[in-house]
Amino acid sequence: MTKEARPIITLTTDFGGGHYVGAMKGVILDICPDTSIVDITHDVASHNILDGAFSLLCAYSYFPSRTVHLAVVDPGVGSDRRGIVVVTEKYFFVGPDNGIFSFIYNQESVQKVIAIESDKHTRQPISPTFHGRDVFAPIAAWLVRGTPIEELGTEIKNYLNAGLPSVKKISSAHLEGTVIHIDTFGNVITNITPEHVSQLLDNNDLLRFSVHGQQISQHYRFYAEAPPEQIFYTIGSSGYYEIAISERRAADTLGVEHGHQIDLEMIPHK
């Protein structure tokens with residue numbers, strides 16, 4: 001007889017340091033002591049829902065079936081925005097209805113989305129400034145305990161799917177994209193993929209990225225391939241083009257932040 005796997009809850013937040021993550025974990029373990037809690041990241045850029053959505057996208061699918069992914073990047077906490085549970089074929093997702101699960105909606109087959117309404121399964125009274133502790137953590141814990149989804153609230157259809165910022169085709173040789181993430185190493189991740197290049201541009205000439213007047217046309221397959229302080233672009237593990245500098249922070253060198261424009265042009269072979 002095989003031992004039943006321990007339930008898993010992952011955490012993705014913009015809480016950084018402090019007591020907030022610890023409080024959420026305490027609530028989860030009080031309801032379901034056998035839970036394995038895995039931190040995806042607590043270093044999402046503050047209040048940046050897109051950055052949180054991208055961080056979740058890069059990690060969620062590597063977990064076993066029935067994992068509950070709890071994500072709290074919630075600048076609207078205390079307002080009339082809803083808390084939701086998203087049910088897909090393999091996973092549950094718990095968090096605010098503010099677009100944090102937009103990539104999930106586009107990647108997974110959504111079976112239903114529930115608006116959280118149950119007072120029985122949340123902490124009372126609910127703090128208007130800490131729904132991560134009082135709403136989302138207990139809901140996630142009751143889910144891994146096997147609570148039927150119907151007991152947590154009612155199904156909705158009008159949940160927010162913000163989607164990824166679009167890649168704009170400026171001409172047959174020019175795309176305009178956006179910085180969607182800056183990782184711990186200062187690598188600049190764009191929303192442009194090789195599929196955008198093959199589908200939207202007319203030829204297979206050399207690529208050149210441009211940001212803040214800096215042009216980047218050198219390509220390497222991996223970071224160590226580049227000489228020290230060489231700025232270059234590569235295809236990162238997430239499948240998106242990113243800009244990096246060997247052993248330095250490209251974001252700092254380029255003065256780039258989330259949301260900044262990135263241009264990509266095809267340049268003819270000489």
Side-chain angles (χ1 to χ4, degrees), residues 1-13 21 24-25 27-29 31-42 44 49-74 82-118 121-122 131-132 135-164 180-181 189 191 193 195 236-240:
M1 181 181 296
T2 58
K3 185 177 179 180
E4 187 174 350
R6 294 179 65 184
I8 299 172
I9 295 175
T10 75
L11 300 179
T12 300
T13 78
V21 175
M24 289 175 62
K25 291 181 178 181
V27 169
I28 291 168
L29 294 172
I31 296 170
C32 188
D34 291 336
T35 306
S36 293
I37 304 174
V38 179
D39 299 293
I40 290 179
T41 182
H42 300 295
V44 172
I49 295 168
L50 175 61
D51 190 47
F54 180 79
S55 296
L56 183 61
L57 170 69
C58 291
Y60 84 91
S61 63
Y62 299 105
F63 286 84
S65 294
R66 309 297 296 173
T67 294
V68 175
H69 293 292
L70 170 53
V72 187
V73 180
D74 196 15
R82 298 171 294 196
I84 56 174
V85 179
V86 180
V87 184
T88 69
E89 183 178 356
K90 289 185 64 176
Y91 303 113
F92 297 97
F93 299 85
V94 178
D97 182 26
N98 61 6
I100 189 71
F101 301 124
S102 293
F103 291 157
I104 305 304
Y105 301 143
N106 297 329
Q107 289 282 117
E108 296 288 319
S109 175
V110 176
Q111 297 181 343
K112 64 176 62 177
V113 177
I114 298 292
I116 298 169
E117 299 170 339
S118 173
H121 298 95
T122 54
H131 286 187
V135 178
F136 303 131
I139 289 293
W142 284 111
L143 275 172
V144 296
R145 278 193 58 169
T147 302
I149 191 76
E150 294 76 17
E151 294 185 13
L152 303 179
T154 56
E155 185 173 1
I156 60 173
K157 301 293 186 182
N158 61 336
Y159 48 87
L160 179 61
N161 185 353
L164 183 69
I180 59 172
H181 182 66
I189 291 85
N191 64 332
T193 67
E195 288 73 25
S237 61
S238 59
Y240 294 86

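Index from 1, following the sequence.
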Given I116, which partner from the list L152, V85, I84 fulfils the side chain to side chain contact (heavy atoms under 4.5 Å, CB included) test?
V85
Side chains of V73 and T13: closer than 4.5 Å at any heavy-atom pair?
no
Quick one: are C32 and R145 in side-chain contact, heavy atoms under 4.5 Å?
yes
Among V135, D74, L160, whose side chain to side chain contact (heavy atoms under 4.5 Å, CB included) with P96 holds?
D74
What's the separation between atom CZ in F93 and atom CG in L56, rounded to the nearest 0.5 Å?
6.0 Å
For the CG atom of D97 and the CD1 atom of I114, what is their distance to the nearest 0.5 Å?
12.5 Å
To the nearest 0.5 Å, what is the distance between OH on Y105 and CG on N161?
7.0 Å
Minimal non-hydrogen separation, L70 against A140, with atom names:
CD2-CB, 4.2 Å
Hey, what do you get for CG (N106) to CZ (F103), rounding to the nearest 0.5 Å?
8.0 Å
Lys/Arg-Asp/Glu bridge criterion (N-O < 4.0 Å) met for D39, K25:
yes
Using atom types as modelled, flag every donor-acceptor pair under 3.5 Å from a side chain in residues 60-68 to any protein atom, sequence neighbours excluded.
residue, atom, partner, partner atom, Å
Y60, OH, E108, OE2, 2.7
T67, OG1, P64, O, 2.7

State, yes or no, whether a side-chain contact exists between E150 and K112 at a heavy-atom distance under 4.5 Å.
yes
Minimum-distance pair of heavy atoms, taken over all atoms of R82 and A115:
CD-CB, 4.3 Å
Nearest 0.5 Å, please: how far is NZ in K90 from NE2 in H69?
8.5 Å
Given side chain to side chain contact (heavy atoms under 4.5 Å, CB included), test V113 with E155 step by step and report yes or no.
CA-CA 6 Å; V113 177; E155 185 173 1; 5.8 Å; no
Distance-only, no hydrogens or angles: does the R6 side chain make a donor-acceptor pair with backbone N or O of D34 under 3.5 Å?
yes
Would F101 and Y159 count as a close aromatic pair, with their ring centres under 6.0 Å?
no
Is it the case that more than 12 heavy atoms not belonging to E195 sit under 6.0 Å from its CD atom?
yes
Contact check, side chains of S237 and C58, non-hydrogen atoms, under 4.5 Å:
no
Verify side-chain hydrogen bond (donor to acceptor under 3.5 Å, both in side chains) between T154 and E117, making sure each step is shown before the conclusion.
CA-CA 7 Å; T154 56; E117 299 170 339; 3.0 Å; yes
What is the minimum heavy-atom distance between S238 and I189, and which atoms define it?
OG-CG2, 4.5 Å
In Å and rounded to the nearest 0.5 Å, what is the CG to CD1 distance from L50 to I100?
9.0 Å
Between the side chain of S102 and the main-chain N/O of A162, is any donor-acceptor distance below 3.5 Å?
yes
Please assess S118 against E151 for the test side chain to side chain contact (heavy atoms under 4.5 Å, CB included), listing each intermediate value before the final yes or no.
CA-CA 7 Å; S118 173; E151 294 185 13; over 6 Å; no
Can you tell if the side chain of I9 reaches within under 4.5 Å of the side chain of V144, non-hydrogen atoms only?
yes
Minimum heavy-atom distance between T41 and S55, given as atom pair plus value
CG2-CB, 3.9 Å
Side-chain heavy atoms of V72 within contact of H131, under 4.5 Å:
no
Steps toward side chain to side chain contact (heavy atoms under 4.5 Å, CB included) verdict (V38, L11)
CA-CA 6 Å; V38 179; L11 300 179; over 6 Å; no
List for me each residue that meets side-chain contact (heavy atoms from CB on, under 4.5 Å) alongside A141, sequence neighbours excluded, and say none if there are none.
I28, I31
Derivation of the side chain to side chain contact (heavy atoms under 4.5 Å, CB included) call for H42 and T12
CA-CA 6 Å; H42 300 295; T12 300; over 6 Å; no
Answer whether the closest heavy-atom distance between the side chains of V94 and L143 falls below 4.5 Å.
yes
Taking I37's backbone N and O only, do any of them form a donor-acceptor pair with T35's side chain (distance below 3.5 Å, no angle check)?
no
Is the shortest side-chain heavy-atom distance between V87 and I149 below 4.5 Å?
yes
